[in-house]
There are 2 protein chains.
Amino acid sequence: MAAQRGPTQRRSSARIGRPAKDDNVVATGERLIAAAVDEFVERGFSRASLTRIAERAGISGPAVYKHFAGKADLLIHAARHSLEQTLSTIATPSRSPHDIARRWLADDFAPTRRLLLELHVAAGRETDLASLLTDWHLERTAVWQTTRADSVEQIKVFYLLLLGLAQIDSLTPLDTSPDAIAQLVDRMVDALFADTV
Amino acid sequence: MAAQRGPTQRRSSARIGRPAKDDNVVATGERLIAAAVDEFVERGFSRASLTRIAERAGISGPAVYKHFAGKADLLIHAARHSLEQTLSTIATPSRSPHDIARRWLADDFAPTRRLLLELHVAAGRETDLASLLTDWHLERTAVWQTTRADSVEQIKVFYLLLLGLAQIDSLTPLDTSPDAIAQLVDRMVDALFADTV
DNA sequence: GTCTATACATTGATAGAC
DNA sequence: GTCTATCAATGTATAGAC
């Protein structure tokens, strides 16, 4: 998640002068958000520490308050940002449920799985986060239904399935074949969307 | 979860004398474990506070150390106890996957859903809890396979599905019909276990 | 905008009286 | 076994120098 930061936002307007000091440097606010997202993956939303996030971003402690109103503010901004990031990489409109499920289970999505799981579990306690996720789901459901004629129940169950599959890494008691699991998931997705045209 | 405490363990051996002082009182150790489980449901495993658990159990703070070696010890005992409790109420051998899924989604299982979810998510960070869950799953899988001829992959995916469904309460953006959801889940379970004799 | 110093709350744990 | 101090560590936040 932290690897895919966007290009530098601001560009030096000076054409002449020394070689644009703010070029290879990401703005502190964005670095803080990226650091917060990393912290979510590692320690979860509700155990994230403001001090640790600040140090991760290269500044130390109280300097955060020059960029955000406080811990809650930073955390909610980071959560919103990570949600936008996530859906842009996964749930693009033209993708089928099968494709989404496959990508979701790919190895390189492990941090994203963890992130979304942490956010949802934490939402059970943090009301700000809960309403953020609610809005997100409302929006995603609406977008989904512009492409496919699925019921809200189908979409919801599909989403819950993905959340369950997000824990596939945590639980490895026995040797299981990833291919076999992917095949079973495919079957279930077929059954879930069976009556859709 | 806290409502279903067992009967009092120790019984006064005195036949004559005053009316058995330890009769209506649950042993402190057991009360602590029940309180810890309640705390898991409310705040999660890794945010559980020893002091709060103690107060919930009617004693205060340091007295916990007369019953358990410390916070980690109490928490792991409570986690183990709650797992045994959970499987005895849900995954009885003779029950079909459909029945298990239905019961799992029943209203009165909301705290149990939350509990198991919290334990699994926390297991991503707490190694003691992770190995406890691993053992539990190994055992449950072995028991399961004495009754049905499902593959380990089928059992695992079923378990992941249940974990996903555990978040059905957190996410209620739109009005969804519980019956319609149960029906979809039934379909998916059918598809998952399709090739089983 | 970033730092150091500091205030204040919460929490896990120990010591010792009863 | 339970209590009342008490300590050390962590974590959020403010104040003020630079």
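To find a chain, count down the sequence lines: A is the first, B the second, and so on, and within it residues start at 1.
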Let me have a per-nucleotide readout for nucleotides 11-18 of chain D, 5' to 3', with B, S or -, counting only protein heavy atoms under 4.0 Å. SBBB----
To the nearest angstrom, the CD-C1' distance between B/Glu55 and C/dT10 comes to 12 Å
Could you tell me which residues satisfy ring-ring contact (aromatic ring centres under 6.0 Å, His included) with A/His67, sequence neighbours excluded, listed by chain and number? none
Roughly how many Å is it from CG in B/Leu75 to P in C/dG12, rounded to a whole number? 9 Å
C/dT2 OP1/OP2 closer than 4.0 Å to side-chain N/O of A/Thr28: yes
Measure from CD on B/Glu30 to C1' on D/dG1 and round the result to the nearest Å. 16 Å
From CG of B/Leu32 over to P of C/dG12, roughly how many Å is that when rounded to an integer? 13 Å
Please report the distance, rounded to the nearest Å, between CZ in A/Arg31 and C1' in C/dT2. 11 Å
Report, as yes or no, whether the 6.0 Å neighbourhood of atom CG on B/Asp107 holds more than 12 heavy atoms from other residues, nucleotides or ligands. no
Pair listing, salt bridge (Lys or Arg N to Asp or Glu O under 4.0 Å) test, anchored in residues 176-186 of chain A, at least two apart: A/Arg102-A/Asp186
side-chain hydrogen bond (donor to acceptor under 3.5 Å, both in side chains) partners of A/Arg187, counting only residues at least two apart: B/Asp195
Identify each donor-acceptor pair in which a side-chain atom of residues 53-62 of chain B lies under 3.5 Å from a protein atom, sequence neighbours left out, and give them as a table.
{"from": "B/Arg56", "atom 1": "NH2", "to": "B/Glu39", "atom 2": "OE1", "distance (Å)": "3.0"}
{"from": "B/Arg56", "atom 1": "NH2", "to": "B/Glu42", "atom 2": "OE1", "distance (Å)": "3.2"}

Mind calculating the distance between NE2 (B/His67) and P (C/dA13) to the nearest angstrom? 15 Å
Which residues satisfy the side-chain hydrogen bond (donor to acceptor under 3.5 Å, both in side chains) test with A/Arg125, sequence neighbours excluded? B/Glu118
